[in-house]
Amino acid sequence: MPQDATERNIDRDRRLAKPAITATLGVNCQSLGVEAPSTSQSWRSAQTGGKRVVLSYPIKKLAPNAKGKVRYRFVVDAGPDPVTGKRKQLTRTFGTLREAKAEYASIVHRRYLAAREPLSQVTVDEWLDQWLSMKAEDLEESTAYSYTMTLARVRGRLGHIRLPDLTEDHVAAWMRWALQEGRGRSGKPGTGLGATSVEMSLARLKEALDRAVIRGVVRVNVAREVTVPRKARKAERRARAAVPPWTVAEVHAFVRAIAGDRLQAPFLLALMGLRPAEICGMRWADVDLDEATVSITNTRTVMGDDIVVEKTTKSPAGERQLPLPGPVAAALTAFRGAQADEKAAAGHGYEDSGYVLVDARGRALNGRQLRERAYKVMDRSELRRVRLYDARASCLTYLANHGVPDHLLARWAGHADARTTKRWYVKPDVDDLRPVADTWGGLASGSAPVHEENVRCGSVNG
């Protein structure tokens, strides 16, 4: 072969192999705990702890042969044999260092491409399965189920596409379809999904593709810049009017309505601000009626239609001990006595589960059943329907309005940060704001209290 053609082939092999060499060095650097050299840096070295780490071609310079010629040799792992599957090593010897480097780079590049070939055939569907399997180790069972259901909306139209072939246009087209006709259940099929539902699916898809980029399956996350149009989000907010939690007067009406109800005690626990899952998971062993305290350590939630998941509290801060107000302690005492009578009447047919929230035969009730019972009470009493979970906001708003310090409010709610409590659960209504209006009246009328005389709008004299 002419010398100039040989030189061109050597340059070509080095150029093609550069990504593979860089990837290999990146892995080596990661194992050493240092940053991999960029393509603009030397491939030969990186710094770690002040020591120079040499990352070079494993090429040995041989002693001159009988003719006095110096040669260069390397041994390289060429990947598994396609027939036997066993590791295959190649030994190559060259007359110049440049030729040896080029061949080494070419072999590494071919091995790199062969290793990536199976990944290039992975479909979106297959990758989502792999990603969910990886995420399952770090997620609660109910959260993993939610991720699965959320991504199911994506799989039908994008799942068959090879992951490297997925484009931003594919994702954007799916997003438009989902907003216009993506609903498959829990409503009229063929109508559009809500903007929030589509955003949740996009968020999970983006997270899965981020992991694919890290694993080297794809170069970029093609869903990164796809977002639900602002108009769709605003339209959803206008169409879905927020249901405010009960006012103090409505809470009083509910308390009167549940008097004498078999589930009076669990309903009062909800008005204390406990989450429905915490009420469902509560056991009599967690209740100390002598000391009038309750320990929140366990939850029970419904996953899907009928799968009940029992687990610890939502977060470490959720595990807490609360004092029982007098009416709640009295209701729990009565409920425990009623369950003892029910157990005696049922005999061997009674399931002594140990839970507080049970039916007349001792079988544990779930959050859906508790909610349905609460709705019946609301309907019977002609009370405005709200989620039982929203009683939590009524409780925490009332406590905040009556001066409970932030750190105690957060502890009562089971939050690590009082800002979470105040942002999502303290929801003053117009009646709560009337004292503010009265205070403003002093500013306008000039009849401010004496201690406010030096306070000016926007400044303080002193």
Side-chain angles (χ1 to χ4, degrees), residues 245-246 250-289 291-302 308-314 318-343 346 350-381 383-396 398-399 412-414 425:
W246 276 334
E250 288 173 316
V251 170
H252 289 165
F254 184 69
V255 171
R256 290 192 297 271
I258 62 176
D261 191 281
R262 183 179 178 278
L263 297 185
Q264 179 186 19
F267 290 149
L268 288 176
L269 288 170
L271 292 177
M272 273 182 62
L274 271 65
R275 301 175 177 94
E278 294 172 341
I279 299 171
C280 294
M282 186 183 298
R283 297 156 296 204
W284 283 113
D286 302 321
V287 180
D288 188 335
L289 292 174
E291 296 295 328
T293 61
V294 59
S295 297
I296 313 299
T297 60
N298 194 56
T299 66
R300 294 178 77 246
T301 55
V302 179
V308 177
V309 177
E310 184 161 351
K311 57 185 180 180
T312 56
T313 54
K314 186 176 181 179
E319 189 168 321
R320 61 205 188 278
Q321 186 179 45
L322 299 178
L324 290 169
V328 183
L332 282 168
T333 301
F335 194 31
R336 190 167 191 176
Q339 289 183 16
D341 294 339
E342 291 166 350
K343 180 178 179 180
Y350 192 86
E351 296 182 17
D352 201 353
S353 63
Y355 292 106
V356 172
L357 181 60
V358 296
D359 66 10
R361 300 188 68 83
R363 294 170 297 195
L365 299 177
N366 60 44
R368 182 182 296 111
Q369 293 166 320
L370 179 64
R371 182 174 64 248
E372 290 171 352
R373 287 292 301 272
Y375 284 157
K376 288 181 179 179
V377 174
M378 296 175 204
D379 294 343
R380 185 174 65 242
S381 306
L383 272 169
R384 181 168 59 92
R385 264 201 184 200
V386 300
R387 298 181 309 163
L388 199 58
Y389 189 93
D390 290 331
R392 183 169 165 82
S394 297
C395 164
L396 296 173
Y398 183 85
L399 296 179
W412 188 274
Y425 296 95

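Throughout, numbering of the chain's residues begins at 1 and tracks the sequence.
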Asn298 (side chain) donor-acceptor with Gly281 (main chain) under 3.5 angstrom: yes

Check whether any side-chain heavy atom of Asp390 sits under 4.5 Å from a side-chain heavy atom of Trp246, and report yes or no. no

Is there a side-chain contact between Leu388 and Ile279 (heavy atoms, below 4.5 Å)? no

For a quick test of reading the model, state the closest non-hydrogen atom pair linking Val386 to Tyr375 and the distance between them. O-CE2, 3.3 Å

Does a sphere of radius 6.0 Å around CD in Gln321 hold more than 12 heavy atoms from other residues, nucleotides or ligands, not counting ones at 6.0 Å or beyond? yes

Taking every non-hydrogen atom, the tightest pair across Cys280 and Tyr355: O-CD2, 3.7 Å

Begin from the C-alpha positions of Met282 and Leu274 and carry the test side chain to side chain contact (heavy atoms under 4.5 Å, CB included) through to its verdict. CA-CA 10 Å; Met282 186 183 298; Leu274 271 65; 3.5 Å; yes

Distance-only donor-acceptor pairs under 3.5 Å for side chains of residues 323-339, two or more places apart:
{"from": "Thr333", "atom 1": "OG1", "to": "Ala329", "atom 2": "O", "distance (Å)": "2.9"}
{"from": "Gln339", "atom 1": "OE1", "to": "Trp284", "atom 2": "NE1", "distance (Å)": "2.9"}
{"from": "Gln339", "atom 1": "NE2", "to": "Val356", "atom 2": "O", "distance (Å)": "2.8"}

Specify the closest pair of heavy atoms between Tyr425 and Arg392, including all atoms of both residues, with the distance to one decimal. CE2-NE, 3.5 Å

Which heavy-atom pair separates Asp359 from Glu342 by the least distance, and what is that distance? O-OE1, 4.0 Å

Would you say that Tyr350 contacts Val358 through its side chain, given a criterion of any heavy-atom pair below 4.5 Å between the two side chains? yes

Value rounded to 0.5 Å, distance of CG in Leu365 from CD in Glu372: 10.5 Å

Has the side chain of Trp412 got a donor or acceptor atom that lies under 3.5 Å from a matching backbone atom of Leu396? no

Chi angles and distances behind the side chain to side chain contact (heavy atoms under 4.5 Å, CB included) call for Val255, His252: CA-CA 5 Å; Val255 171; His252 289 165; 5.6 Å; no

Any idea which heavy atoms bring Pro266 and Leu357 closest together, and the distance? CG-CD1, 3.7 Å

Output yes when a side-chain donor or acceptor of Thr299 lies under 3.5 Å from a complementary backbone atom of Thr312, and no otherwise. yes

What's the separation between atom CD1 in Ile258 and atom CG in Leu268, rounded to the nearest 0.5 Å? 4.0 Å

Pairwise salt bridge (Lys or Arg N to Asp or Glu O under 4.0 Å) hits with a residue in residues 263-278, at least two apart: Arg275-Glu278, Glu278-Arg320

Between Asn366 and Arg368, what is the shortest heavy-atom contact and its length? OD1-N, 3.0 Å

Look at the side chain of Arg387 and the backbone N and O of Arg371, then say whether any donor-acceptor pair between them is shorter than 3.5 Å. no

Is the shortest heavy-atom distance from the side chain of Asp261 to the side chain of Lys376 under 4.5 Å? no

Have a look at Asp352 and tell me which of Arg361, Lys343, Arg283, Arg363 forms a salt bridge (Lys or Arg N to Asp or Glu O under 4.0 Å) with it. Lys343

